[in-house]
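Following: one structure in structure tokens, then a few remarks.
One-based numbering, in listed order, for ligands and for the atoms of each.
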Amino acid sequence: MTQKTKLVPVTREPALLPERDADKSPVLECIDLGITFGGLKAVDSFNITIGRTEIAGLIGPNGAGKTTIFNLLTKVYQPTHGTILLNGRDIHGLNTAQINRAGIARTFQNIRLFQNLSVEENITTAMDTQMHYNMAEGILRLPRFWREERVVHERAMELLSIFHMEEFADAKAGSLPYGAQRRLEILRALATNPCLLLLDEPAAGMNPSETAELMENIRSIRDTFKIAVLLIEHDMNLVMNICEGIAVLNFGRIIAKGSPDDIQNNPEVIEAYLGKKKEA
Ligand SMILES: Nc1ncnc2c1ncn2[C@@H]1O[C@H](COP(=O)(O)OP(=O)(O)O)[C@@H](O)[C@H]1O
Ligand SMILES: [Mg+2]
């Protein structure tokens, strides 16, 4: 009897793709992903499939391994085991910059902006890899430089308009209120033209009206750019309202995966994370 060799020697779980993505190949697949720090299995047996235009959520208590997963996806850390497929391609050999060019952009749990650059510059520096004038054309300010500068400026203003932030284009990023800095980080990530946007606690420190607005904006970003979003968030109202698929992480392992309804009714999740239900 002949046996077929499989490229990925792991049975994949059925994907939780939203209906709209069911006929398309997923943007991201993690298969048996894991990393160990010293003796600690920070992430273990992490399997997830994300649809091409899905908003997916990653939730779990502090220290569960959520940010570590973002660091694995962006190659800040090399996995101890497992496979990551981005658009069906194994990203094993890519570094952080190459991953970004391949389509994954992220924001950080702690804001990382160029505080002393303007709001617009924070966005345009992220677009740098897409500019085509050479250094001489730039130094001599030849026509192609101006054309591209104009295109870059217009694109930055277009991105700023998503959050109605055009009027702050010239302000120093560090002078913006906290919520606006978080929004700018999202725009800077979008400026790299991702197919998958990773948001690490985007609503942290935002007031309820900012959070509500952010929720609408994440949805409209997905609809406008037709991209996938994976977000880590503690605000359950936000998560349950905008995520189509949710994975719950506890001590580095997925303890539940499913729709918001599945998650909210899963006894293990209620016990481990959402807090035991009070008797009525
Ligand atoms: N570079 C590292 N070295 C050692 N331990 C780490 C490192 N990064 C994360 N960890 C540990 O991995 C676990 C998961 O951390 P993290 O992914 O930041 O959790 P979360 O984002 O869910 O709060 C924690 O116990 C943390 O201390
Ligand atoms: Mg974290």
* Asked: What protein heavy atom sits nearest atom 14 (C) of ligand 1, and how far away is it?
  -> G63 O, 3.4 Å
* To do: Calculate, to the nearest 0.5 Å, the distance between atoms CD1 and CD1 belonging to I48 and I84 respectively.
  => 11.5 Å
* Is the closest N or O pair between T68 and ligand 1 shorter than 3.5 Å? -> yes
* Flag this pair as yes if the NZ/CZ of R188 is under 6.0 angstrom from the six-membered ring centre of F114 and inside a 45 degree cone about the axis; otherwise no. => yes
* Asked: Short check: is a protein heavy atom less than 4.0 Å from atom 20 (P) of ligand 1?
  -> yes
* Of the protein's non-hydrogen atoms, which lies at the shortest distance from atom 18 (O) of ligand 1, and what is that distance? -> T67 CB, 3.8 Å
* Does the shortest distance from the Mg ion (ligand 2) to an N/O/S atom of T67 fall below 2.8 Å? -> yes
* Kindly compute the distance separating CG (L197) from CD1 (I186), expressed to the nearest 0.5 Å. => 7.0 Å
* Asked: How close does the nearest protein non-hydrogen atom get to atom 8 (N) of ligand 1, and which residue and atom is it?
  -> Y77 OH, 3.2 Å
* Asked: Is atom 2 (C) of ligand 1 less than 4.0 angstrom from some protein heavy atom?
  -> yes
* **Donor on one side chain, acceptor on other, N87 and R52, under 3.5 Å** => yes
* Do any nitrogen or oxygen atoms of A42 lie less than 3.5 angstrom from nitrogen or oxygen atoms of ligand 1? -> no
* Structure fact -> ligand 1 atoms nearer than 4.0 angstrom to some heavy atom of N62 are 23 (O)
* To do: Could you tell me whether I69 approaches ligand 1 through its side chain, its backbone, both or neither, with non-hydrogen atoms closer than 4.0 Å?
  => neither
* Hey, is ligand 1 close enough to G65 that some N/O pair sits below 3.5 Å? -> yes
* Do R253 and F251 meet the cation-pi criteria used here (NZ or CZ under 6.0 Å from the six-membered ring centre, within 45° of the axis)? -> no
* Metal proximity, Q109 vs the Mg ion (ligand 2), N/O/S cut-off 2.8 Å -> yes
* To do: Decide whether an N or O pair under 3.5 Å exists between A64 and ligand 1.
  => yes
* From L199 atom CG to Q109 atom CD, the distance as rounded to the nearest 0.5 Å -> 12.5 Å
* Does R183 pair with E210 as a salt bridge, N-O distance under 4.0 Å? -> yes
* More than 12 foreign heavy atoms under 6.0 Å from NE2 of H92: is that the case here? -> no
* **Nearest non-hydrogen protein atom, atom 26 (C) of ligand 1** => L40 CD2, 4.7 Å
